Amino acid sequence: MGVTFSIEYHTVWGENLLLVAADRKYPMSYCNDGIWSVTLENVSKSLLADYTYIVERDGLIVRTEWRHHSSAFAPEIRDSWIDCPVSGCLFPREHRFKAFDTPEFRGAGVAIPVFSLRSENDFGVGEFNDIPMLVDWAVATGQSIIQILPINDTIRTHTWLDSYPYNPVSSFALHPQYANLQAMGIRLSREDKALQKELNSLRQIDYERVNNAKDRLMRARFAECGAAEMASTAYRRFYKRNVFWIDEYSEFCAGRDGSDSPAYYRWLQYHLDVQLSKACAYAMRKGVALKGDLPIGVSRDSVEARNHPELFNLDSQTGAPPDFFSDEGQNWGFPTYNWEEMAKDDYAWWKARLRKMAEYFSAFRIDHILGWFRIWEIPSQYSSGAMGHFNPAMPYSSAEIETAGLPFDGLFIEDPRMQGCWHPRIIPDKAVLGTLDDWHRTVYEGMCEDFFYHRHNDFWKRCALTKLPELLSATGMLACGEDLGMIPACVPEVMRSQSILSFEMQRMPKEYGVEWGNPADYPYLSVCSTSSHDMSSLRMWWNTELDTAARNRYYNNVLGFEGEAPSEATPGLIRQILMRHLESPSMLVILPLQDWTAMDADVRSDRPEDERINLPSNPRNYWRYRMHITLEQLNNLKAFNRDIALMIVKSDRRKK
């Protein structure tokens with residue numbers, strides 16, 4: 001029996017209404033008096049439990065509802081458009097964390113990877129069970145958000161090379177290293193307790209020893225009680241909720257490890273889900289939002305690439321053009337996405353991925369949001385990021401280059417999928433460039449300027465708007481975009497239209513020719529921070545990366561002091577810099593834990609060189625940073641925590 005959905009909505013010329021249900025879009029027909037309707041056959045309860053309406057124009061979503069509908073079965077369902085009920089709210093969609101929708105909300109928070117957490121009950125690495133203690137610290141200091149790095153499974157070789165969190169083997173599975181053994185009912189022997197104590201005493205993570213020991217103990221526990229636990233109602237519910245990915249993942253892991261028991265990996269994911277879900281529920285009860293991280297890449301040897309190769313361009317690699325982090329650009333090695341294929345089912349894979357994140361997080365960082373507009377693609381025969389090109393793009397034809405009187409070799413790269421079409425090289429061959437006369441050099445520079453900054457603005461804008469509104473509507477997470485690097489003009493325009501928070505850092509100002517950004521000038525819809533996981537800590541930046549002249553310019557022109565700047569980043573100096581960020585107009589100020597602790601001489605680490613998380617120019621970076629104190633100790637630092645709380649109150653960011 002069919003169900004007719006109808007809604008009153010008065011469109012303007014060129015607009016159409018569509019029903020979105022079960023990840024499919026159904027065009028609606030206009031009746032009379034502003035009524036639009038569509039009839040669906042064989043409607044399920046799950047479809048009726050979650051559906052919404054959108055307005056499209058020229059194939060793009062131009063308006064969405066504040067929240068989704070839920071209805072009981074009826075032959076005809078008459079709905080009303082759901083508008084935002086919050087006066088002054090700047091967002092087009094409701095968020096799971098209600099404080100985000102409060103007009104003029106300003107929050108403060110901390111950024112730290114889960115693997116970097118340290119507690120007395122760990123097994124040499126941070127665990128999901130540590131998150132509640134970090135939440136307690138956030139509550140005590142008035143912070144309202146905790147940002148982490150990706151937590152997906154990255155195991156390939158069972159060596160430290162697997163420590164890179166942005167190279168997951170699954171976009172859905174959680175990393176086994178984050179499981180707390182005691183919470184799984186594992187009793188440690190005397191030898192295991194001695195090993196636990198040794199691993200916990202290390203300054204940095206010993207990735208291989210930690211994960212090998214945990215795997216040994218968890219396999220023994222699975223052999224003891226895995227079958228009984230997998231027969232439980234709780235496990236069956238978990239399996240039903242995750243059946244769309246977990247069987248492929250468990251088979252993948254069994255093949256990787258030479259195991260004859262895929263069930264072990266399903267059982268392990270069940271326990272990880274239980275532990276993380278409890279931690280997230282605790283944070284929500286305490287009024288603290290957890291912010292996850294969505295990697296832009298998916299590895300070519302991942303579960304998804306192996307089982308769904310049609311979704312990826314496996315003959316290419318993603319990366320970044322030469323920038324602040326690397327003069328030669330970066331080659332991340334991930335295949336690019338086949339967006340045309342993904343569009344055929346309205347991006348169902350992406351929606352599933354985001355919904356899985358939304359089970360745990362209230363906000364998420366979109367890693368390299370430029371990838372939703374265009375990606376830097378490197379043909380598989382090259383290793384250098386400098387040999388890449390933008391995809392999608394509108395390359396120059398052979399005729400255009402010949403008309404300009406320019407040589408192809410050394411100045412252009414042929415498009416791998418469009419024969420006879422060419423991209424300007426991001427780093428032209430200096431020898432070839434030196435053979436050009438002044439006129440032809442000016443022509444080439446003009447073509448590059450147009451190609452990289454102007455030619456694609458409308459094209460890339462449409463590319464992003466075909467995806468982002470639909471995917472953002474799939475969950476109630478607050479979206480924050482990492483928008484650093486070569487930013488075309490269309491990116492901030494699209495981000496503002498979708499109310500996606502930008503990422504602002506003093507060390508990477510977005511205004512051309514400016515040495516440092518000014519936090520006082522940041523937009524409200526932004527996340528403000530002193531550094532990121534790809535950069536040195538604030539203290540190391542000051543001590544080792546700035547020369548005397550640069551320190552003096554910052555000290556006098558940015559902080560407003562007079563005289564010679566200190567050569568070392570003193571606690572007082574760090575405090576002043578943090579306060580300038582907290583006073584910014586940004587909706588969220590999220591500071592690395594290393595920078596928070598650096599403002600107190602008694603709390604800061606005695607080895608700031610250990611606090612760097614990643615070095616982007618090193619493709620074999622070992623991700624092993626850990627807090628230098630335990631979370632128990634952090635929570636007991638009454639004077640230090642009181643200082644942070646006072647700073648947050650003074651900057652009007654106190655958690656309500």
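Along the sequence shown, residues carry numbers from 1. The shown structure was predicted, so the numbers you read here are calculated from the model rather than taken from an experiment. Both backbone and side-chain heavy atoms feed into the values below; hydrogens, waters and symmetry mates do not.
A distance-only check finds no donor-acceptor pair linking the side chain of Asn180 to the backbone of Glu127 [under 3.5 Å]. Not one N or O on the side chain of Arg96 forms a donor-acceptor pair closer than 3.5 Å with the backbone of Ala289. A donor-acceptor contact shorter than 3.5 Å links the side chain of Thr466 to the backbone of Cys463. Counting only distance, with no hydrogens or angles, the side chain of Asp58 and the backbone of Leu60 share no donor-acceptor pair below 3.5 Å. Judged by distance alone, with hydrogens and angles left aside, the side-chain atoms of Asp153 form no donor-acceptor pair with the main-chain N or O of Val169 at under 3.5 Å. At least one donor-acceptor pair under 3.5 Å links the side chain of Gln506 to the backbone N or O of Gly517. Formation of a donor-acceptor pair under 3.5 Å by the Asn641 side chain with backbone atoms of Leu634 is found in this model. Using modelled atom types, one side-chain atom of Gln594 and one backbone atom of Glu611 make a donor-acceptor pair closer than 3.5 Å. For Arg580 (side chain) and Val558 (main-chain N/O), a donor-acceptor pair under 3.5 Å exists by modelled atom type.
In this structure, Ile613 and Pro113 have side chains that are in contact, with non-hydrogen atoms separated by less than 4.5 Å. For the pair Phe115 and Arg626, the minimum side-chain heavy-atom distance is 4.5 Å or more. Looking only at side-chain heavy atoms (C-beta outward), Ile146 and Trp137 stay at 4.5 Å or farther from each other. Using a 4.5 Å heavy-atom cutoff, the side chains of Arg118 and Ile629 are not in contact.
Smallest separation of non-hydrogen atoms from Pro571 and Asp600: CB-N, 4.0 Å. Shortest non-hydrogen contact noted between Thr64 and Arg93 is OG1-NE, 3.5 Å. Across all their heavy atoms, Gln147 and Ile590 have their closest contact at OE1-CD1, 3.5 Å. Counting all heavy atoms, side chain and backbone alike, Ala489 lies closest to Asn457 at N-OD1, 3.3 Å.
In summary, the aromatic rings of Tyr166 and His533 are positioned with their centroids under 6.0 Å apart. In this structure, Phe5 has its ring center no closer than 6.0 Å to that of Tyr53.
Residues Ser536 and Arg507 bring a donor and an acceptor atom of their side chains to less than 3.5 Å of each other. A side-chain donor-acceptor contact under 3.5 Å links Tyr282 and Asp136. In the model, Asn242 has a side-chain atom that pairs as donor or acceptor with a side-chain atom of Lys356 under 3.5 Å.
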#### Entry: Trp245 and Val303: CA distance, side-chain angles, deciding distance, side-chain contact (heavy atoms from CB on, under 4.5 Å) verdict
CA-CA 9 Å; Trp245 65 270; Val303 177; over 6 Å; no
### Evaluation steps, side chain to side chain donor-acceptor pair (under 3.5 Å), between Asn614 and Tyr625
CA-CA 9 Å; Asn614 181 38; Tyr625 160 68; over 6 Å; no
### Task
Given side-chain contact (heavy atoms from CB on, under 4.5 Å), test Leu559 with Leu573 step by step and report yes or no.
CA-CA 9 Å; Leu559 295 181; Leu573 176 71; 3.5 Å; yes
### Task
Please lay out, stage by stage, how Leu478 and Phe91 fare under the test side-chain contact (heavy atoms from CB on, under 4.5 Å).
CA-CA 9 Å; Leu478 174 71; Phe91 295 100; 3.6 Å; yes
### Message
Quick one, Met627 with Thr597, criterion side-chain contact (heavy atoms from CB on, under 4.5 Å). Give me CA distance, side-chain angles, the key distance, then yes/no.
### Response
CA-CA 10 Å; Met627 296 171 57; Thr597 58; over 6 Å; no
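Distance CE/Met647 to OG1/Thr141: 11.0 Å, rounded to 0.5 Å. Within the model, atoms CG of Leu134 and CD of Gln143 stand 8.0 Å from one another, a figure rounded to the nearest 0.5 Å. From Cys480, atom SG reaches atom CE of Met587 across 7.5 Å, with rounding to the nearest 0.5 Å. Between atom CD1 of residue Ile369 and atom CD1 of residue Ile500 there is a gap of 4.0 Å, rounded to the nearest 0.5 Å. Between the CD1 atom in Ile375 and the NE2 atom in His368 there is a gap of 4.0 Å [rounded to 0.5 Å].
In this structure, Tyr51 and His69 have parallel ring planes: the angle between them is below the 30° cut-off, well short of the 60° mark. Ring geometry, Trp81 versus Tyr9: the interplanar angle falls from 30° to 60°, so the pair is classed tilted.
Glu15 and Arg63 are not joined by a salt bridge, as no carboxylate oxygen comes within less than 4.0 angstrom of a charged side-chain nitrogen. Salt bridge Glu8/Arg78: absent, no basic N to carboxylate O contact under 4.0 Å. The residues Asp50 and Arg355 are annotated as not salt-bridged, no charged nitrogen and carboxylate oxygen being separated by less than 4.0 angstrom. Comment: Lys510 engages Asp483 in a salt bridge, judged by a side-chain N to carboxylate O separation of less than 4.0 angstrom.
The side-chain tip of Lys467 points at the ring of Trp339 from less than 6.0 angstrom away and within 45° of straight on.
Qualifying ring pair (Phe, Tyr, Trp, His ring centres under 6.0 Å) partners for Phe128, counting only residues two or more places apart in sequence or in other chains: Tyr178. For Trp36, the ring pair (Phe, Tyr, Trp, His ring centres under 6.0 Å) test picks out Tyr30, with sequence neighbours left out.
Other residues, nucleotides and ligands place no more than 12 heavy atoms under 6.0 Å from the NZ atom of Lys278. No more than 12 heavy atoms of other residues, nucleotides or ligands shown are found within 6.0 angstrom of CZ on Arg57. Summarising the local packing, NZ of Lys25 is surrounded by more than 12 heavy atoms from other residues, nucleotides or ligands at distances under 6.0 Å.
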